[in-house]
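These notes concern the structure reproduced below.
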Protein chains: 2
Amino acid sequence: MRPMPGATEGMQVRLSRELIVDAYLRVVEEEGAEAATLRRLGAELGVDPTAVYRHVRDKEEILAAASDRLLAQAAEGYEPTGSWRADLRALALRARGAYLNHPHALLALETSPAALPNGFRLADLVIGCLREAGLPEDEVAPAFEAIEGYVIGTALVDARASEETREEWRRAYTSLPRDRYPNLSAAASQVYRDPDAAFLYGLELMLAALEARAAGRSRAGRARPRDQV
Amino acid sequence: MRPMPGATEGMQVRLSRELIVDAYLRVVEEEGAEAATLRRLGAELGVDPTAVYRHVRDKEEILAAASDRLLAQAAEGYEPTGSWRADLRALALRARGAYLNHPHALLALETSPAALPNGFRLADLVIGCLREAGLPEDEVAPAFEAIEGYVIGTALVDARASEETREEWRRAYTSLPRDRYPNLSAAASQVYRDPDAAFLYGLELMLAALEARAAGRSRAGRARPRDQV
DNA sequence: ACCTGAACACCGTTCAAGT
DNA sequence: ACCTGAACACCGTTCAAGT
């Protein structure tokens, strides 16, 4: 379809990083990440597939720019409640939501840092919760990294799985010989029923342990018996 | 190089899934996962690139078969100590090692289950630890999933990062405006220093919380106050 | 200054043909 | 029964040419 003179004038906008990210997110949401090829983005933008190279260095940069927007959106409207534990849970769930919807884009951040003019908000808020909890200063960084790894990691894994593959895994566990795999056989039917519930269970484990460590510190002062974590 | 009659006779072995997996792991260990193309595997095996299709359905099946071997190897020589907590830690570290070395192969398991004739051992042992801990029956499955997700997820993330990208992330955090990102700025210099230490910190959080839940249960009997995890 | 379009250097995979 | 080799349908990316 060639643009008729005048008629599609309003549509014939100039290409920009913003528009490219728009197109990327639109295609992924409608047809999945594997559909978001550069040729497809070109078609979506009504432009030659290679035209985007005038605005981004490579495809990775598109994904990183998309991630920045997604993380900024995930932090939007967040209101702290005053309970660091409730806040940390809420922030983790927001991050998980973003990663579940766009695992490909957000995975690109790992290798291309510093591409987040807006997306650092979430991380700052999470660390704020940890400091507010009263965790020892030198545990804040590893605690942040552990939570970050848990949230990102489980989201990546959960995003790759589907109801079908989970069912296949259960079947595989169920059909195992009971004598060689007694524990896996016993748990087989209950496993992978609800990834969100499992995520929350593990998150609560971490939060409970963090609370215990912070409380133990405030009660015992300097001398902490279980320091060897 | 055409095989000289007799001389290379011993080398001219029949292709098999075993040999294909051998070649795949060898190439990945020497040159990285992106080098392990089918054309490269063909060269490695001294065979036409497409010859492997006689023995596997697609490339994914090669990765899954490799994962089976890697997980089986990771469980080799494991000896329980009698302490479920120490055992669980040891098993998690074994799994992490396998995933760190071959993230691509092990990620393939997510979508192609039941390809593990030998690799289920680790999962069975982990669940054994959780049952031995005295965790309520209905928490064994989510606890297993949480630990599995944590181990796999953090390994995938850590495997993608390098000392350089971690340094870049620290620099990005450090150069943030302190007034807009007070917490991230404060933690910037300490973060991403030691991924293994951060992994262990998070693992210990989970183990401590699991122990507390199991202990609370054995003391309080049926009536548990904090059941809403 | 920005976009086009041909071309390049790859992928995984299929399939008829060889032995 | 197994392997070969040409071919297919894709990728991301480069670059000279157009406007």
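Proteins come first, then strands; the chains are lettered A, B, ... in the order of their sequence lines, and each starts at number 1.
- The B/Ala51 side chain lies nearest to D/dC3 when the options are D/dC3, C/dA6, C/dT13.
- Here the OG1 atom belonging to A/Thr154 is positioned 11.0 Å from the OH atom belonging to B/Tyr150, to the nearest 0.5 angstrom.
- In this entry the distance linking CG of B/Leu41 with P of D/dC3 reads 15 Å, nearest Å.
- Rounded to whole Å, atom P of C/dA9 lies 19 Å from atom CG of A/Leu38.
- The 5' end of DNA chain D is approached more closely, in terms of each residue's nearest nucleotide, by B/His55 than by the other of B/His55 and A/Asp58.
- The number of heavy-atom neighbours closer than 6.0 Å to CD of B/Glu167, taken from other residues, nucleotides and ligands shown, is above 12.
- As rounded to whole Å, 15 Å separates atom C1' of C/dG12 from atom OH of B/Tyr24.
- Listed candidates were C/dT13, C/dG5, D/dT13. Nearest to the side chain of A/Asp48 is C/dG5.
- Note: CD (B/Glu61) to P (C/dG12) measures 15 Å, nearest angstrom.
- Residues A/Arg54 and A/Arg39 each lie close to DNA chain C; by heavy-atom proximity, the contact nearer the 5' end of the strand is made by A/Arg54.
- Heavy atoms from other residues, nucleotides or ligands lying under 6.0 Å from NE2 of A/His55 number more than 12.
- Rounded to whole Å, atom P of C/dG12 lies 12 Å from atom CD of B/Glu34.
- Checking side-chain atoms of A/Arg54 against main-chain N and O of A/Thr50 turns up no donor-acceptor pair under 3.5 Å.
- No more than 12 heavy atoms of other residues, nucleotides or ligands shown are found within 6.0 angstrom of CD on A/Glu18.
- Side-chain atoms of B/Thr50 lie closest to D/dT4 of the nucleotides D/dC3, D/dT4, C/dC2.
- Comparing D/dC3, C/dC11, D/dT13 by their closest approach to the side chain of A/Lys59 singles out D/dT13.
- At whole-Å resolution of the value, CD1 in B/Ile20 and C1' in D/dC3 are 12 Å apart.
- Taking only side-chain atoms of B/Tyr53, from C-beta outward, the nucleotide of C/dT13, D/dT13, D/dT4 with the closest atom is C/dT13.
- Pairing partner, C/dC8: D/dG12, with both Watson-Crick or wobble hydrogen-bond distances short of 3.5 Å.
- Summarising the base pairing, C/dG18 is matched to D/dC2 through a Watson-Crick or G-U wobble pair whose two defining distances lie under 3.5 Å.
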